[in-house]
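Note that these values count all heavy atoms, side chains included, but never hydrogens, waters or copies made by symmetry. Residue indices begin at 1 and follow the sequence shown.
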Amino acid sequence: MTDHDQQALAARHVLAGSFHGVLSTQSLELAGYPFGSVVPYVLDQKGLPLLLLSPLSQHTKNLEADSRCGLTLLEEGEGDVQQRGRLSGVGKVTPCGADADGERYFCAFPHSRLYVEQLDFRFYRFTPLRFHWNGGFATARWFGNDRILRANPLSPESQRRIIAHMNQDHRDTLRGYLRAIDATAGEDDVVMVGIDAEGIDVRVADRLRRIHLLRPISSPAEAREVLVAMAAQPGGD
């Protein structure tokens with residue numbers, strides 16, 4: 001794997017595992033100036049960030065007037081923030097129908113279903129033109145969408161089956177996956193909320209965590225093989 005490939009992979013990890021970022025829209029109140037706000041997201045079936053926005057929020061009003069925006073993401077971690085990966089996408093945010101993608105959003109953020117049912121929140125999708133990545137000294141570079149975006153190879157139904165199976169029958173295994181990446185993880189309940197080509201997403205209390213797969217998958221059969229292999233690793237189960 002070349003350094004360029006390694007940096008693209010690191011950028012994809014940040015996109016898939018941040019779960020929130022700073023959305024910078026074009027301000028209506030102060031024309032010509034950016035307006036930043038923190039928004040949660042999940043990746044949809046095409047690998048694009050799916051947002052749930054209030055019609056009353058300033059950023060939604062800004063987007064209705066001008067859909068051009070930026071989405072800035074920061075790698076999870078401690079210490080010097082400038083030593084952690086930063087990924088900045090430049091593109092547009094537009095309204096969308098959610099369907100199966102909406103269910104994945106609700107799975108990741110259970111409280112958000114009430115926002116749709118009672119507060120008229122609506123789904124929007126961030127469609128980037130390209131990304132700028134900075135993973136530390138001498139790593140800053142632009143990436144095209146083809147290097148960062150990864151469509152989910154598993155159908156929504158396959159994802160639901162795998163998630164339901166893991167949550168019903170393998171809660172201890174999920175805890176083992178988490179301990180393998182975080183030795184300080186306690187015995188809190190771990191709920192699997194997503195799976196895609198390169199990782200699984202779990203929710204611990206109110207926090208979402210990303211767990212990378214041992215290798216990329218492209219089918220339910222490969223997903224099973226990799227999840228079993230991960231459970232067999234030290235600390236995996």
Side-chain angles (χ1 to χ4, degrees), residues 7-8 10-44 46-98 101-102 104-106 108-137 139-149 206-208 210:
Q7 295 302 324
R12 291 200 302 276
H13 286 338
V14 170
L15 177 63
S18 292
F19 305 111
H20 66 271
V22 176
L23 180 67
S24 298
T25 55
Q26 308 287 327
S27 177
L28 282 175
E29 297 295 322
L30 297 169
Y33 288 86
F35 179 86
S37 50
V38 175
V39 294
Y41 71 90
V42 299
L43 298 186
D44 68 9
K46 294 181 180 179
L48 297 171
L50 183 71
L51 317 175
L52 185 62
L53 306 180
S54 167
L56 301 179
S57 67
Q58 188 63 57
H59 50 250
T60 304
K61 295 175 181 178
N62 292 343
L63 290 168
E64 289 174 349
D66 189 338
S67 63
R68 294 176 298 171
C69 60
L71 183 64
T72 303
L73 313 175
L74 177 64
E75 181 182 21
E76 183 180 14
E78 302 292 338
D80 185 354
V81 69
Q82 291 185 305
Q83 297 302 314
R84 290 149 60 186
R86 288 93 74 194
L87 183 65
S88 298
V90 179
K92 294 184 177 182
V93 166
T94 53
C96 65
D101 292 326
R104 184 175 188 201
Y105 191 98
F106 296 142
F109 304 106
H111 58 277
S112 64
R113 191 181 295 272
L114 291 177
Y115 297 166
V116 174
E117 296 173 347
Q118 299 181 10
L119 301 175
D120 200 30
F121 277 53
R122 298 176 184 175
F123 284 106
Y124 290 74
R125 182 173 285 114
F126 176 67
T127 304
L129 296 175
R130 57 177 177 163
F131 292 89
H132 188 265
W133 165 250
N134 190 331
F137 180 73
T139 63
R141 66 197 68 187
W142 286 97
F143 280 115
N145 289 350
D146 61 314
R147 300 304 306 275
I148 304 300
L149 300 179
D206 292 328
R207 183 184 181 187
L208 293 171
R210 178 75 170 177

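By the side-chain hydrogen bond (donor to acceptor under 3.5 Å, both in side chains) test, R86 is found to be paired with no residue, residues two or more places apart in sequence or in another chain being considered.
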**Asked** Can you list the steps and then say if D44 with R125 is a salt bridge (Lys or Arg N to Asp or Glu O under 4.0 Å)?
**Response** CA-CA 9 Å; D44 68 9; R125 182 173 285 114; 2.4 Å; yes
**Request:** Begin with the C-alpha distance, continue with both residues' side-chain angles, and end with the deciding distance and a verdict on side-chain contact (heavy atoms from CB on, under 4.5 Å) for F131 and R147.
**Result:** CA-CA 9 Å; F131 292 89; R147 300 304 306 275; over 6 Å; no
**Prompt:** Going through the checks in order, is the side-chain hydrogen bond (donor to acceptor under 3.5 Å, both in side chains) test met by S37 and H59?
**Reply:** CA-CA 7 Å; S37 50; H59 50 250; 2.8 Å; yes
**Message:** Quick one, D101 with K46, criterion salt bridge (Lys or Arg N to Asp or Glu O under 4.0 Å). Give me CA distance, side-chain angles, the key distance, then yes/no.
**Reply:** CA-CA 10 Å; D101 292 326; K46 294 181 180 179; over 6 Å; no
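The nearest pair of heavy atoms linking L149 to G47 is CD2-O, 3.5 Å. When all heavy atoms of A11 and I148 are compared, the closest pair comes out as CB-CD1, 3.6 Å. The minimum heavy-atom distance linking V38 with H20 is given by the pair CG1-CD2, 4.3 Å. P40 and F109 get closest at one heavy-atom pair: CB-CZ, 3.7 Å.
Rounded to the nearest 0.5 Å, atoms CD (E75) and NE2 (H13) are 9.5 Å apart. Taking CG of L87 as the start and CG of L73 as the end, the distance is 5.5 Å to the nearest 0.5 Å. Taken to the nearest 0.5 Å, the CG atom of D66 stands 4.0 Å off from the CZ atom of R68.
A cation-pi contact, defined as under 6.0 Å to the ring centre and within 45° of the axis, links R130 to W142.
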Side chains of residues 115-123: which donor-acceptor pairs under 3.5 Å do they make with residues two or more places apart or in other chains?
| from | atom 1 | to | atom 2 | distance (Å) |
| --- | --- | --- | --- | --- |
| D120 | OD2 | R122 | NH2 | 3.3 |

With a cut-off of 3.5 Å and sequence neighbours excluded, list every side-chain donor-acceptor pair involving residues 25-35.
| from | atom 1 | to | atom 2 | distance (Å) |
| --- | --- | --- | --- | --- |
| T25 | OG1 | F35 | O | 3.4 |
| T25 | OG1 | N62 | ND2 | 3.0 |
| S27 | OG | E29 | N | 3.2 |
| S27 | OG | L30 | N | 2.9 |

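The closest donor-acceptor contact from the side chain of S24 to the backbone of C69 lies at 3.5 Å or more, if one exists at all.
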